[in-house]
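Heads up: the structure comes next, in structure tokens.
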Amino acid sequence: MFTRTNSLIALFITGLCLLNLRCTEKKSDTRQTTFTEADSVTEVLLDLQDSILITWNLMIKDDNYKIKAMKGLLHELEVVNEVDPGEAKALQKRIDQLTKIRYTPKTIEYENVV
């Protein structure tokens, strides 16, 4: 996970650099544009929001994969009788709750939720 996080950070920084190059690149077009600095800032903000959404979706996909792996591991423990049936049921219930108690982009803003 550490390397995936580093990869996502590197991708994010690369995107910012490319975006910066795109914004500072001179056009050979002779027409005058009427874009303001505020328009440029808005475009950068929208690009950052898109990047955050993509990263969020990758994180949720990774969480779903881990939850599925935990369910598979618990099933394997049940098959080989290495876990008490009552304990297995309790663990299954806790694993099922993981998706319900997951934070969202809106709830992550609040310190008491995270």
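Numbering starts at 1 and runs along the sequence shown. Hydrogens, waters and symmetry mates play no part in the numbers below; they use all other heavy atoms, side chains included.
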All pairs passing ring pair (Phe, Tyr, Trp, His ring centres under 6.0 Å) where residues 72-102 contributes a residue, at least two apart: none
Test side-chain contact (heavy atoms from CB on, under 4.5 Å) applied to A90 - qualifying residues, sequence neighbours left out: none
Member of D47, L46, V41 meeting the side chain to side chain contact (heavy atoms under 4.5 Å, CB included) criterion with E43: D47
From OG1 (T55) to CD1 (I60), nearest 0.5 Å: 12.0 Å
With D63 via salt bridge (Lys or Arg N to Asp or Glu O under 4.0 Å) - residues at least two apart: none
For K71, salt bridge (Lys or Arg N to Asp or Glu O under 4.0 Å) partners two or more places apart: D96
Same apolar cluster: I95 and V83, side chain cutoff 4.5 Å: no
Nearest-0.5 Å distance that lies between atom CD1 in I54 and atom CG in N57: 8.0 Å
Donor-acceptor contact present, side-chain T107 to main-chain Y103, <3.5 Å: no
Those residues that, when tested against R102, pass side chain to side chain donor-acceptor pair (under 3.5 Å) (two or more places apart): N64
With D50 via side chain to side chain donor-acceptor pair (under 3.5 Å) - residues at least two apart: none
Cluster overlap M70 with L91, hydrophobic side-chain contacts below 4.5 Å: yes
Point-to-point distance, once rounded to the nearest 0.5 Å, from CD1 of I67 to CG of L98: 5.0 Å
side-chain contact (heavy atoms from CB on, under 4.5 Å) against L45, all qualifying residues, sequence neighbours excluded: Q49
Where at least one partner belongs to residues 79-94, residue pairs that pass salt bridge (Lys or Arg N to Asp or Glu O under 4.0 Å), sequence neighbours excluded: none
